[in-house]
Novice: 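Before we start, here is the structure in question, set down as structure tokens.
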Amino acid sequence: MNLIDRISAIYRETFGYAPAHIARAPGRVNLLGEHVDYNDGFVLPAAIDRATYIAFSPTNARHSTLVAVDFNQRASFSPDSVPTKTQADSSPLPDWAHYPAGVMWALMEEGLPVPSMNAVFASDVPRGAGLSSSASVEMAFLLAWQTLGGWTLPPMRRALLGQKAENRYVGVNCGIMDQFASACGVENKLLLLDCRSLEWKTLSLPQDVSIVIADTAVRRKLTSGEYNQRRAACEAAVRLLQRDLPHIRALRDVSVEEFNRLAGKLPAEIEKRARHVVEEIERTRQAEALLEAGNVRAFGRLMNECHVSLRDLYEVSCPELNAMVSIAQSLEGCYGARLTGAGFGGCTVNLVTREKAHEFSRALAERYEAETNLHPEIYISHASNGAELLK
Ligand code: GLA
């Protein structure tokens, strides 16, 4: 049974009638520009054909009641209980409910109506795998409340509210990339976003190139600690560099030349983190022209360089991600491979000649399993549309 049929059936069983609406919001894969969104840099993600699906209807009840199929749990909360992260019966909200409750909180902060709903949701975006399962949940609920609330926000505004929910309610200091890609995705396109101006455009890959996602089966710990520490290191670098470059607001404003000149003044760890960011932003600047010229080979080399930098400078890789990337890079037809998303486990993204994509996926899975004893999931992905109401 597909996910839409499944959540519809569970909805009918739970609430006794058919859901009024169905919406979907996709996960994303990022091709280049990793850990630069919160440094005002450029990112190059695509929404993927895996998504969170939600079946929902308005209700006159005081509380919204949500069933999370993937957790086999339910939670109820209202505008009164959301600020204290509690449910109707005063018990604490389960962790998964912090995402929809955070969305409700962010909408309340905007003064927007958030009518009560009954909802059932499920996702085929793997959790903790670097494919933005949480952003997809946030964007699905934003669309659901927009549908019931009688207001309309442009997709980028919904993305910003999802980010606010995640920063201020869930407590992860993430940038805008994931929510942006989930809200604004375009079928068959890569999205190039300037994370400072929030201007964006689409770019295409040549027809004969596939995006292959390889899941290491290693899950990142559900702590946000390491992520927030990386972000703090970038902010510390900006403060230190401002002594010589008073005009800078973010690492985006530091050129590679300026950085090389001043790097010696930074503590070693902060230097490594900031070097990744400055050089990665430079790579994304080059990427646009390369993709417009259809130069996938050179673009793939930037992806490979990005992985080395994430591994050695930003230190967000792990042995399994490194194994998956090395094997991929040794296979025929692979232009580039690197970890995608925040890191510490999860997935790699690979650009592969279309005619070799199946063979590549099979060989990658076999060799990865032989090396690590872990069973990976590998799939050829298609760039999809952003969050949309299906019914
Ligand atoms: C997570 C965050 C994003 C971004 C990436 C790393 O996915 O949610 O904002 O910082 O990590 O590029």
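Counting starts at 1 for both ligands and their atoms, in listed order. No experiment lies behind these values; they were computed from the predicted model shown.
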Novice: State whether Arg50 and Asp124 are salt-bridged, where the test is any N-O pair (Lys NZ or Arg NE/NH1/NH2 against Asp/Glu carboxylate O) under 4.0 Å.
Specialist: no
Novice: Do any nitrogen or oxygen atoms of Asp37 come within less than 3.5 Å of a nitrogen or oxygen of ligand 1?
Specialist: yes
Novice: For ligand 1, is there an N or O atom under 3.5 Å from any N or O atom of Gly341?
Specialist: no
Novice: For ligand 1, which atoms sit closer than 4.0 Å to a heavy atom of Arg28?
Specialist: 7 (O)
Novice: Would you say the side-chain atoms of Asp49 pair up with the backbone N or O of Ser384, donor to acceptor, closer than 3.5 Å?
Specialist: no
Novice: Assess whether a salt bridge exists between Glu359 and Arg362, defined as any Lys/Arg side-chain N lying under 4.0 Å from an Asp/Glu carboxylate O.
Specialist: no
Novice: Return the residue, atom name and 0.1 Å-rounded distance of the protein heavy atom closest to atom 10 (O) of ligand 1.
Specialist: Tyr227 OH, 2.6 Å
Novice: Does any N/O atom on Tyr38 come nearer than 3.5 Å to any N/O atom on ligand 1?
Specialist: no
Novice: Check whether the ring centres of Phe344 and Tyr227 lie less than 6.0 Å apart, and answer yes or no.
Specialist: no
Novice: Among all protein heavy atoms, pick out the one at the shortest distance from atom 5 (C) of ligand 1; state its residue, atom name and that distance to 0.1 Å.
Specialist: Met177 CE, 3.8 Å
Novice: Kindly assign one of parallel, tilted or perpendicular to the pair Phe71 and Trp96, based on the angle between their ring planes and the thresholds 30° and 60°.
Specialist: parallel
Novice: Looking only at the side chains, is there a donor atom on one of Arg275 and Asn260 sitting less than 3.5 Å from an acceptor on the other?
Specialist: yes
Novice: Is it the side chain, the backbone, both or neither of Arg231 that has a heavy atom closer than 4.0 Å to ligand 1?
Specialist: neither
Novice: Pairs of nitrogen or oxygen atoms closer than 3.5 Å, one from Asn30 and one from ligand 1: do any exist?
Specialist: no
Novice: Can you pull out the closest protein heavy atom to atom 7 (O) of ligand 1? Residue, atom name and distance to 0.1 Å, please.
Specialist: Asp178 OD2, 2.7 Å
